[in-house]
Amino acid sequence: TPHVDYLRTSLTEMRNRTFLTTSGSHLDGSLVIGTLWDKLRVESMGTVEEANRASFRTELTNVLDRRPGGADLLEEFDALGEWKPAVV
(Lines give C-alpha, C1' and ligand atoms only; values in the text may rest on other atoms or scores of the structure.)
Protein backbone atom coordinates (compact mmCIF):
# COMPACT_ATOMS: atom_id res chain seq x y z
CA THR A 1 0.00 0.00 0.00
CA PRO A 2 2.71 2.58 0.78
CA HIS A 3 4.35 2.17 -2.63
CA VAL A 4 0.98 2.58 -4.38
CA ASP A 5 0.27 5.75 -2.42
CA TYR A 6 3.76 7.03 -3.20
CA LEU A 7 3.27 6.35 -6.91
CA ARG A 8 -0.16 8.01 -6.89
CA THR A 9 1.31 11.08 -5.19
CA SER A 10 4.28 11.20 -7.56
CA LEU A 11 2.11 10.95 -10.65
CA THR A 12 -0.21 13.64 -9.34
CA GLU A 13 2.75 15.94 -8.66
CA MET A 14 4.21 15.25 -12.10
CA ARG A 15 0.86 15.87 -13.78
CA ASN A 16 0.71 19.30 -12.15
CA ARG A 17 4.19 20.33 -13.32
CA THR A 18 5.71 21.47 -16.61
CA PHE A 19 8.34 19.29 -18.26
CA LEU A 20 11.34 20.84 -19.97
CA THR A 21 12.55 18.88 -23.00
CA THR A 22 16.19 18.54 -24.06
CA SER A 23 15.48 21.02 -26.86
CA GLY A 24 14.17 23.57 -24.37
CA SER A 25 10.48 23.18 -25.15
CA HIS A 26 7.89 23.06 -22.40
CA LEU A 27 5.35 20.24 -22.11
CA ASP A 28 2.33 20.36 -19.85
CA GLY A 29 2.55 17.63 -17.21
CA SER A 30 -1.06 16.61 -17.76
CA LEU A 31 -0.21 15.85 -21.40
CA VAL A 32 2.86 13.77 -20.50
CA ILE A 33 1.28 11.82 -17.66
CA GLY A 34 -2.13 11.59 -19.36
CA THR A 35 -0.59 10.09 -22.50
CA LEU A 36 1.33 7.50 -20.50
CA TRP A 37 -1.66 6.76 -18.27
CA ASP A 38 -4.02 6.21 -21.21
CA LYS A 39 -1.60 3.91 -23.03
CA LEU A 40 -0.82 1.81 -19.95
CA ARG A 41 -4.49 1.60 -18.94
CA VAL A 42 -5.47 0.26 -22.35
CA GLU A 43 -2.65 -2.30 -22.27
CA SER A 44 -3.54 -3.50 -18.79
CA MET A 45 -7.21 -3.77 -19.64
CA GLY A 46 -6.37 -5.87 -22.69
CA THR A 47 -4.24 -8.27 -20.71
CA VAL A 48 -6.78 -8.52 -17.87
CA GLU A 49 -9.64 -8.97 -20.31
CA GLU A 50 -7.80 -11.80 -22.09
CA ALA A 51 -7.14 -13.53 -18.77
CA ASN A 52 -10.80 -13.15 -17.79
CA ARG A 53 -11.94 -14.61 -21.11
CA ALA A 54 -9.61 -17.57 -20.70
CA SER A 55 -10.88 -18.15 -17.17
CA PHE A 56 -14.51 -17.89 -18.31
CA ARG A 57 -13.87 -20.31 -21.15
CA THR A 58 -12.24 -22.82 -18.78
CA GLU A 59 -15.15 -22.63 -16.33
CA LEU A 60 -17.72 -22.91 -19.12
CA THR A 61 -15.97 -25.94 -20.57
CA ASN A 62 -15.71 -27.59 -17.14
CA VAL A 63 -19.43 -27.14 -16.48
CA LEU A 64 -20.53 -28.22 -19.95
CA ASP A 65 -18.27 -31.29 -19.89
CA ARG A 66 -20.38 -32.63 -17.00
CA ARG A 67 -23.72 -31.92 -18.67
CA PRO A 68 -25.48 -34.18 -21.15
CA GLY A 69 -25.34 -32.41 -24.50
CA GLY A 70 -22.72 -30.02 -23.16
CA ALA A 71 -20.41 -30.53 -26.10
CA ASP A 72 -23.24 -29.50 -28.43
CA LEU A 73 -23.89 -26.38 -26.38
CA LEU A 74 -20.21 -25.48 -26.42
CA GLU A 75 -20.12 -25.97 -30.18
CA GLU A 76 -23.16 -23.70 -30.55
CA PHE A 77 -21.54 -21.13 -28.27
CA ASP A 78 -18.41 -21.17 -30.44
CA ALA A 79 -20.48 -20.82 -33.59
CA LEU A 80 -21.86 -17.52 -32.27
CA GLY A 81 -18.42 -16.00 -32.73
CA GLU A 82 -16.09 -14.16 -30.44
CA TRP A 83 -17.52 -13.60 -27.00
CA LYS A 84 -17.39 -9.98 -25.93
CA PRO A 85 -18.33 -8.86 -22.42
CA ALA A 86 -20.67 -5.92 -21.98
CA VAL A 87 -18.88 -2.57 -21.88
CA VAL A 88 -19.53 -0.79 -18.61
Side-chain angles (χ1 to χ4, degrees):
T1 300
H3 66 279
V4 172
D5 289 337
Y6 178 77
L7 179 59
R8 182 182 303 128
T9 301
S10 298
L11 289 172
T12 299
E13 290 291 326
M14 292 170 67
R15 188 182 64 219
N16 293 325
R17 302 275 192 257
T18 299
F19 287 75
L20 181 63
T21 68
T22 55
S23 66
S25 299
H26 292 86
L27 291 174
D28 187 69
S30 62
L31 174 66
V32 174
I33 300 304
T35 301
L36 290 170
W37 182 263
D38 291 342
K39 179 176 174 38
L40 294 171
R41 183 179 53 83
V42 167
E43 287 178 5
S44 71
M45 289 176 67
T47 303
V48 170
E49 184 176 347
E50 289 174 21
N52 286 340
R53 285 180 184 215
S55 177
F56 174 82
R57 177 62 187 215
T58 299
E59 290 301 315
L60 180 63
T61 302
N62 288 339
V63 169
L64 291 178
D65 281 348
R66 296 187 306 262
R67 183 185 189 283
D72 293 333
L73 283 174
L74 190 57
E75 186 177 324
E76 187 175 337
F77 176 80
D78 290 337
L80 293 173
E82 183 181 347
W83 173 70
K84 294 183 180 179
V87 176
V88 179

[X] side chain to [Y] backbone, donor-acceptor under 3.5 Å:
| X | Y | answer |
| --- | --- | --- |
| R67 | V63 | no |
| S25 | T21 | no |
| S55 | A51 | no |

- Message: With heavy-atom distances below 4.5 Å as the criterion, would you say the side chains of R8 and V4 are in contact?
- Response: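 Yes, side chains in contact.
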
- Query: Below 4.5 Å, heavy atoms only, C-beta onward: do F77 and L64 meet side chain to side chain?
  - Reply: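 Of all side-chain heavy-atom pairs linking L64 with F77, none is under 4.5 Å.
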
For [X] against [Y], the heavy-atom pair lying closest together:
| X | Y | value |
| --- | --- | --- |
| M14 | F19 | O-CE1, 3.5 Å |
| L31 | L27 | CD2-CD2, 4.5 Å |
| R66 | N62 | NH1-O, 3.2 Å |

Interatomic distance, [X] atom [atom1] to [Y] atom [atom2] [nearest 0.5 angstrom]:
| X | Y | atom1 | atom2 | result |
| --- | --- | --- | --- | --- |
| L40 | T35 | CG | OG1 | 10.5 Å |
| D28 | R17 | CG | CZ | 12.5 Å |
| R15 | E13 | CZ | CD | 9.5 Å |

- Could you go step by step and tell me if L7 and L11 meet the side chain to side chain contact (heavy atoms under 4.5 Å, CB included) rule? CA-CA 6 Å; L7 179 59; L11 289 172; 4.0 Å; yes

- Message: Go through it in stages, so that I can follow the logic: the residues are D78 and R57, the test is side chain to side chain contact (heavy atoms under 4.5 Å, CB included), and I'd like the CA-CA distance, side-chain angles, deciding distance and then a yes or no.
- Response: CA-CA 10 Å; D78 290 337; R57 177 62 187 215; 2.4 Å; yes

